[in-house]
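A short write-up of the structure that comes next.
Worth saying up front: this structure is predicted, and the values here are computed from it rather than measured. Numbers here are sequence positions counted from 1.
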Amino acid sequence: MSITPDQLPNQLKKQLAPLYAIVGDELLLAQEAADAIREHARLQGYTERHVFSVEARFDWSNLQRWNHQSSLFGERRLLDVRIPSGKPGKEGGAAIEALCHALPADTITLVTLPRIDRQTQTTKWFKALEQSGVMIAADPLDRIRLAHWLQQRLGQQGQQVTPDTLQFLLDKVEGNLLAAQQEIKKLALIYPPGLLSFEQIRHAVLDVARYDVFNLAEAMLAADSVRYARILQGLQGEGIPPPLILSTLTEPLRNLLHIHQALKTGKPLAQAFKDARIWRHQQKTMTSAIKRTSPRLLVQALMHAANIDRIIKGVARGDSWNELLQLGLLIANGPSFIHQPFAYGRND
């Protein structure tokens, strides 16, 4: 079962699962989910805790030996396995798979992983984690979910903002959830509960936006041309390499094309999403993009992406940043968009 961090509290209230896997690169969400699981387990009597941090040359036999040992005092246990690389290797994959198929008695197992690429998601050990417990997707929040998250956190400290002020706050903290959390806490320290004005927010909140390529892909799929251009310029200013940006944009384009092809054969949309491994929080944006695009447009966009790749490698002429902008605008604006080269980005 796969859930979002927002759904975790209700799941914990219903039933404490024998295994939890937290997967994703949003550190704040992953940390809060892990803390919630550990605290709930402690309240349920799982007082003995053992942490395995999987680094280079980790001896997986230690985990296997621990699994076969019973608690010295007969207490319930929490097994905390952390794999920062997301790559346990052949031996580690076999150990995780074996663990999932024979979960230790009186034990809650917590596995923490970073964002997993599509190839790794097809491995036996990852599928075993999916099938044996609850998987929590600690992915970066899209703009809609971030707005809800900000309102929820403000509400917890008795504060509210108007829709316009919320949009301003979103622009300031987008892509940097840890900084957003700090700014929210700061507002509680300097202002009393109640409705906060735009001027109060403007004076208190720093510009802590940290643009990332996943926000860029989301803006493209959501047809938000202005936001796409703003994020792309931010990425250029931060020195993010164009090959990374291009690969992040082409993956959802290929997914959209595969989903279009699946729908054409009569496959239900839910099954097409599952086959393409589209996470639940991504499905609303992808559904909108499917309705707005066509296979022909997507093929055109992928051909454009191939040309950008040649420009980046120096075998074709052009400005890679301008072409990345044109690629996003093509998907955002649809077939009516006319490619018009123009000056873009920094002038240095």
Lys/Arg-Asp/Glu bridge criterion (N-O < 4.0 Å) met for [X], [Y]:
| X | Y | answer |
| --- | --- | --- |
| D80 | R38 | yes |
| K267 | D275 | yes |
| E218 | R145 | no |

Requested in this report: Please lay out, stage by stage, how R230 and D171 fare under the test salt bridge (charged side-chain N to carboxylate O under 4.0 Å, His left out).
Outcome: CA-CA 10 Å; R230 175 168 55 83; D171 289 340; 3.4 Å; yes
Query raised in the report: How is the hydrophobic cluster of I37 composed, in terms of its other members, when Ile, Leu, Val, Met, Phe, Trp and Tyr link through side-chain heavy atoms under 4.5 Å apart, directly or indirectly?
Result: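 Members alongside I37: M1, I3, L8, L12, L16, Y20, I22, Y46, L78, I108, L110, V134, I136.
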Looking only at non-hydrogen atoms, find the nearest pair between [X] and [Y] and report the distance.
| X | Y | result |
| --- | --- | --- |
| S225 | N333 | OG-OD1, 3.1 Å |
| D6 | P9 | O-CD, 3.4 Å |
| P114 | P84 | CG-O, 3.2 Å |
| S132 | P18 | O-CG, 4.4 Å |

Does [X] [atom1] have over 12 foreign heavy atoms under 6.0 Å away?
| X | atom1 | result |
| --- | --- | --- |
| R65 | CZ | yes |
| Q119 | CD | no |
| R296 | CZ | no |

Report task. Using the salt bridge (charged side-chain N to carboxylate O under 4.0 Å, His left out) rule, take D117 and R277 through it: C-alpha gap first, then chi angles, then the decisive distance, then the call. Result -> CA-CA 10 Å; D117 58 42; R277 305 194 71 82; over 6 Å; no
Query raised in the report: With the 4.5 Å side-chain cut-off for hydrophobic clustering, are L235 and I311 part of the same group?
Result: no
Query - Connected via hydrophobic side-chain network under 4.5 Å: I144 and L141 - result: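 No: no chain of side-chain contacts under 4.5 Å links I144 to L141.
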Report task. Could you tell me how the ring of W66 sits relative to the ring of H50: parallel (under 30°), tilted (30 to 60°) or perpendicular (over 60°)? Result -> tilted
**Report entry** Side-chain H-bond candidate by donor/acceptor type, D35 with Q31, under 3.5 Å
**Finding:**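 Yes, Q31 and D35 have a side-chain donor paired with an acceptor closer than 3.5 Å.
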Report task. Show your working on salt bridge (charged side-chain N to carboxylate O under 4.0 Å, His left out) between R153 and E32 and close with a plain yes or no. Result -> CA-CA 13 Å; R153 295 300 168 107; E32 289 183 342; 2.7 Å; yes
